[in-house]
Novice: 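Quick one: this structure, given as structure tokens, is what I'll be asking you about.
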Amino acid sequence: MPPPSPLVTLTDPALSRAGVELRLKRDDLLDPRVPGNKYRKLLPNLRAAVAAGHTRLLTFGGAYSNHIRAVAAAAADHGLESVGLIRGDELADAPRNWSLAAAEADGMRLSFLDRRTYRATLATLAAPETRGRLRRAWGPCHILPEGGSNVLAARGAAGLPAELPGLGPRDIVCCAVGTGGTLAGIAAGLPPGARALGVAALKGASGYLESEVTRLHEDGWRRTFPNWRIHHTHHAGGYARVSPGLAAFTAEFEARHGLAVERHYVAKALHCVHDLAAAGTFPRGTRVTVVVTGPATP
Ligand SMILES: Cc1ncc(COP(=O)(O)O)c(C=O)c1O
């Protein structure tokens with residue numbers, strides 16, 4: 001079990017006016033090398049990999065993937081090897097960006113796939129043929145999907161609500177959604193009455209993300225949960241995009257509260273909560289806990 005991350009209450013005028021209490025669950029402080037939701041999602045996978053006798057992790061991600069860096073760091077810290085299959089073969093000969101350079105510095109072997117092969121491999125990742133092909137190419141390994149969202153990861157995230165004592169009908173626990181594993185876990189771990197609110201960081205993912213969360217619940221808990229929903233209104237232009245509106249909101253929020261906010265996920269969740277509160281969507285007395293799923297990056 002990870003140690004509990006800090007929980008802080010913020011005094012925010014816009015939310016106070018709406019009668020909403022805002023708290024931050026500072027998962028970004030969980031571990032300096034494997035921060036945020038990565039810590040909760042990767043730990044059960046590392047244990048499973050070691051228990052199965054694996055010495056290598058293999059996973060997938062984009063050029064600036066937080067997940068890729070976290071897997072490289074977690075593997076290195078646990079004495080495991082790691083392989084990262086990266087979207088975009090045009091990156092193979094380009095100078096490494098800071099994120100891929102960090103993964104390589106932790107010993108991750110990188111291989112660059114053209115987008116079609118990347119998509120096709122992920123689409124068939126559950127198939128024994130695909131896994132067999134990857135293991136023939138890279139040796140025996142524990143395979144993690146893009147973003148690391150498998151049942152083990154969701155179960156890891158499901159431990160978060162237990163660190164929020166007293167959750168009940170006035171509570172909403174909010175997180176950004178990339179692949180759905182964190183939200184699936186949080187929803188599954190909530191006590192009766194409390195609800196989970198996901199904010200999609202991707203554009204055009206309505207339906208897809210909901211089906212991913214439902215699939216994780218069915219695979220991991222053999223049931224569905226009625227206590228969550230995803231807002232698709234605050235992706236700010238899409239994955240890894242930051243709109244001028246989001247940039248302005250985040251700069252103001254950072255100045256007001258004296259903390260740096262991760263732009264591609266956490267800021268979108270905070271922006272959405274602010275807009276929903278300003279629109280009077282939450283009944284007065286609602287307590288919203290936003291999970292800070294990662295630290296600000298360069
Ligand atoms: C900082 C941060 N927050 C949130 C998420 C979304 O988590 P999930 O992929 O479990 O939906 C990610 C990764 O995808 C992330 O890197």
Side-chain angles (χ1 to χ4, degrees), residues 5 24-45 59-74 84 87 99 102-103 122 144-160 173-189 196-203 205-206 208-217 219-220 228-232 234-236 238-242 246 250 259-273 290-298:
S5 63
L24 297 185
K25 179 67 171 152
R26 296 291 307 270
D27 269 15
D28 55 320
L29 303 176
L30 268 177
D31 185 292
R33 281 171 48 75
V34 190
N37 60 347
K38 306 296 174 262
Y39 191 89
R40 295 186 191 274
K41 289 168 69 174
L42 283 175
L43 214 61
N45 274 289
T59 195
F60 301 82
Y64 290 93
S65 166
N66 295 330
H67 168 69
I68 285 287
R69 285 196 314 285
V71 169
R87 181 179 57 233
S99 186
L122 282 180
L144 284 162
E146 187 178 45
S149 284
N150 55 14
V151 165
L152 288 171
R155 290 210 189 108
L160 187 147
V173 180
C174 171
C175 69
V177 182
T179 55
T182 308
L183 177 66
I186 289 171
L197 185 156
V199 177
L202 284 59
K203 187 176 173 180
S206 178
Y208 166 72
L209 287 177
E210 282 81 356
S211 63
E212 285 297 292
V213 173
T214 301
R215 181 181 62 77
L216 285 166
H217 283 157
D219 290 352
W228 60 275
R229 62 166 297 187
I230 301 177
H231 280 271
H232 291 273
H234 284 71
H235 52 69
Y239 176 68
R241 298 282 173 83
V242 178
L246 178 65
T250 311
L259 45 94
V261 175
E262 191 278 332
R263 292 290 198 273
H264 297 153
Y265 294 95
V266 180
K268 294 178 185 182
L270 286 167
H271 196 199
C272 184
V273 165
V290 175
V291 182
V292 183
T293 41
T297 47

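Positions are given from 1 along the sequence. In each ligand, atom 1 is the first atom listed, and ligand 1 is the first ligand listed.
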Novice: Regarding Asp28 and Arg26, does a basic nitrogen lie under 4.0 Å from an acidic carboxylate oxygen?
Specialist: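 Arg26 and Asp28: salt-bridged.
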Novice: Quick check on side chain to side chain donor-acceptor pair (under 3.5 Å): which of Thr179, Thr59, Asn37 does His67 satisfy it with?
Specialist: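 Exactly one pass, corresponding to Thr59.
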Novice: What pairs with Arg155 under salt bridge (charged side-chain N to carboxylate O under 4.0 Å, His left out), at least two apart in sequence or on another chain?
Specialist: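 Listed in chain order: nothing, the list is empty.
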Novice: Can you sort out the partners of His231 under side-chain contact (heavy atoms from CB on, under 4.5 Å), two or more places apart, ordered by chain and number?
Specialist: Leu197, Arg229, Thr233, Cys272, Leu276
Novice: Testing Leu160, Thr182, Leu24 one by one against Val291 for a side-chain contact (heavy atoms from CB on, under 4.5 Å), which residue passes?
Specialist: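 Among Leu160, Thr182, Leu24, the one meeting side-chain contact (heavy atoms from CB on, under 4.5 Å) with Val291 is Leu160.
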Novice: Could you tell me which residues satisfy salt bridge (charged side-chain N to carboxylate O under 4.0 Å, His left out) with Lys38, sequence neighbours excluded, listed by chain and number?
Specialist: none
Novice: Report all protein residues having a heavy-atom distance below 4.0 Å to some atom of ligand 1; order the list by chain, then number.
Specialist: Asn37, Lys38, Lys41, Asn66, Ser149, Ala176, Val177, Gly178, Thr179, Gly180, Gly181, Thr182, Tyr265, Thr293, Gly294
